[in-house]
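Numbering of ligands and ligand atoms starts at 1, following listing order.
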Amino acid sequence: MAKMWGGRFRETTSNLLDQFNASIPFDRKLYREDIQGSIAHVAMLGKEGIIPNDEVDRLIEALEIVREEIERGDFQFNIKDEDIHMAIEKRVTEIVGDIGKKIHTARSRNDQVATDFRLYVQNKSKSISKQIVELIETLVHLAEQHTETLIPGMTHLQHAQPTNFGYHLLAYVAMFKRDYERFQSSIERNSISPLGCGALAGTPHQIDRDYTSQMLGFREPSLNCLDSVSDRDFALEILFNISMLFTHISRLSEELILWSSYEFQFIKFSDSYSTGSSIMPQKKNPDVAELLRAKSGRVFGNLISLLVVMKGLPLAYNKDMQEDKEGVFDSVETAEISLEILKESIRTLEVQKENMEKACKVGHLTATDLADYLVKSCDIPFREAHFITGRAVAKAEELGIDISEMKLEDLQEIDSRIEKDVLEYLSLRNSMNSRNSQGGTATAETKRQIEKIKEWLENI
Ligand code: ARG
């Protein structure tokens, strides 16, 4: 079978080369964008009088037939066609005859692939953003129910200060909000059409790039053709945006795994999102969260792969760039299923509120509050207050109790300046509610943060 570009070749390509060179096994995913781009291109050629209008109609009809054939599963994908661009062009030509050979006027596969792939990345950035919003909504809904649920706030995975569970969830909401915004700014920046750039240097045909750009929903045509046929920043951006998203997903997953363990028992995953062990009948494993934690590995890998592919490439298009697609498809599909399952696991999990509150009675969470009390009410310099509190902690340990359970007499034995009002400072709930500075954990402040996020959700 002769290749579309086979004019100068005497022999056919080896099967081995076809296997190695072809991108059709994976770039067939871009058929929708390829047809969309071709329709815009052909419509523009018609408008400019480069192809007669009746031929334009027939070409567009044929492109739509091809789309239906692919969607019905009737399209013959053949490795010999090399890529989705040539496969579609060939089929269009089979349908409309010689007119089909005009479709590639004033176009190259270089601007074609850059356009298709950019459209794909823009569309997926929008749908992933939507999924992030749904995840945020799920987290906010859970947070609203737990603004008074005490949970030990930690640093170094050691008990630090009492917080509420809603507040903890809002920290993740803040991360996912940034992820959403990152996708949005990429969508905005990359809303640039490469179509009409030709192989690398533009075209002598009188084309209208504004027209195709608008038809494809881009903000404007690109500035410089040499750059835009070889620009894959948009692909790197989506890979980075997904990587960042997975950094956050992996941190949340890690906490969910810890919280569902026997040691914590803060949450229970629903049976529909947990797994069992083939040997240990008692086990209920957090496989979903573990896989989510692990998926970050592959998406980071995809980002690094493409960075390395692109690094040091001379202008303009190089075949190296065909390696841009599989990693992006993989990261996108990983993000899609991961966001859905994370949202569902969170929506269906059970919060073991009593255990969270019980855990707050371990680890002297209100020690900082005692130090603050000594500074505020007893006029003791902070460093000294820190030391006195240290002694109170040692005493509590000796008594086998938490600092929040200490009696006034025991505290006065350590420092006689301590008075009865200290007990309010040692209460876990008071401690949590005392941190009412902007962004703090107090229930009222957590509720304010929730309102703020809800307002944001309403306006996006
Ligand atoms: N299959 C190619 C890719 O994905 C399309 C562009 C080919 N261009 C070329 N000049 N060989 O990158």
Side-chain angles (χ1 to χ4, degrees), residues 1-9 12-38 40-41 63 66 70 75 77-93 103-124 190 193-203 212 216 222 225-236 238-239 302 305-333:
M1 187 170 74
K3 288 276 191 284
M4 272 191 184
W5 40 250
R8 64 159 290 170
F9 290 79
T12 56
T13 53
S14 80
N15 286 336
L16 186 59
L17 176 120
D18 289 337
Q19 294 289 335
F20 189 64
N21 195 41
S23 53
I24 197 155
F26 49 88
D27 70 12
R28 50 188 281 183
K29 277 191 206 293
L30 296 175
Y31 78 89
R32 248 184 255 108
E33 291 79 4
D34 195 70
I35 290 170
Q36 192 191 355
S38 289
H41 181 66
L63 284 161
V66 174
I70 296 176
F75 190 90
F77 288 99
N78 188 339
I79 197 109
K80 292 266 173 207
D81 291 333
E82 199 174 313
D83 58 28
I84 188 67
H85 324 296
M86 289 201 285
I88 291 175
E89 185 183 332
K90 190 181 102 187
R91 181 72 191 120
V92 164
T93 308
I103 200 172
H104 212 52
T105 316
R107 184 176 78 173
S108 152
R109 272 187 298 156
N110 297 350
D111 59 339
Q112 197 177 352
V113 71
T115 304
D116 296 1
F117 197 29
R118 194 179 277 257
L119 282 171
Y120 170 89
V121 165
Q122 291 290 86
N123 289 337
K124 290 299 186 183
N190 296 318
S193 173
L195 194 56
C197 277
L200 72 161
T203 166
T212 46
L216 296 174
S222 61
C225 294
L226 192 60
D227 168 52
S228 45
V229 289
S230 52
D231 169 21
R232 293 295 181 271
D233 293 4
F234 62 96
L236 287 164
I238 197 172
L239 289 173
N302 291 333
S305 293
L306 188 57
L307 280 170
V308 176
V309 166
M310 295 306 295
K311 181 204 158 290
L313 280 187
L315 295 178
Y317 177 84
N318 300 271
K319 188 77 169 189
D320 308 50
M321 290 159 68
Q322 181 166 287
E323 289 288 309
D324 59 358
K325 287 171 224 27
E326 285 162 289
V328 170
F329 294 153
D330 180 63
S331 285
V332 163
E333 284 157 22

Heavy-atom closest pair (Lys3 atom, Asp18 atom, distance to 0.1 Å) is NZ-OD1, 3.1 Å
Closest non-hydrogen atoms of Phe117 and Ala235, given as atom of the first, atom of the second and distance, are CE2-CB, 3.8 Å
Which atom pairs, nitrogen or oxygen on both sides, join ligand 1 and the protein at under 3.5 angstrom?
from: ligand 1; atom 1: 1 (N); to: Ser23; atom 2: OG; distance (Å): 3.0
from: ligand 1; atom 1: 1 (N); to: Asp83; atom 2: OD2; distance (Å): 3.0
from: ligand 1; atom 1: 1 (N); to: Gln322; atom 2: OE1; distance (Å): 2.8
from: ligand 1; atom 1: 4 (O); to: Lys325; atom 2: NZ; distance (Å): 2.7
from: ligand 1; atom 1: 8 (N); to: Asn110; atom 2: OD1; distance (Å): 2.9
from: ligand 1; atom 1: 10 (N); to: Asn110; atom 2: OD1; distance (Å): 3.0
from: ligand 1; atom 1: 12 (O); to: Tyr317; atom 2: OH; distance (Å): 2.5

Around Glu323, counting heavy atoms of other residues, nucleotides and ligands shown, do more than 12 lie under 6.0 Å from its CD?
-> no
Between atom CD1 of Ile103 and atom CD of Glu89, what is the distance when rounded to the nearest 0.5 Å?
-> 6.5 Å
Check ion pair Glu82-Arg109 (N to O, under 4.0 angstrom) = yes
Ring pair (Phe, Tyr, Trp, His ring centres under 6.0 Å) partners for Phe9, two or more places apart | Trp5
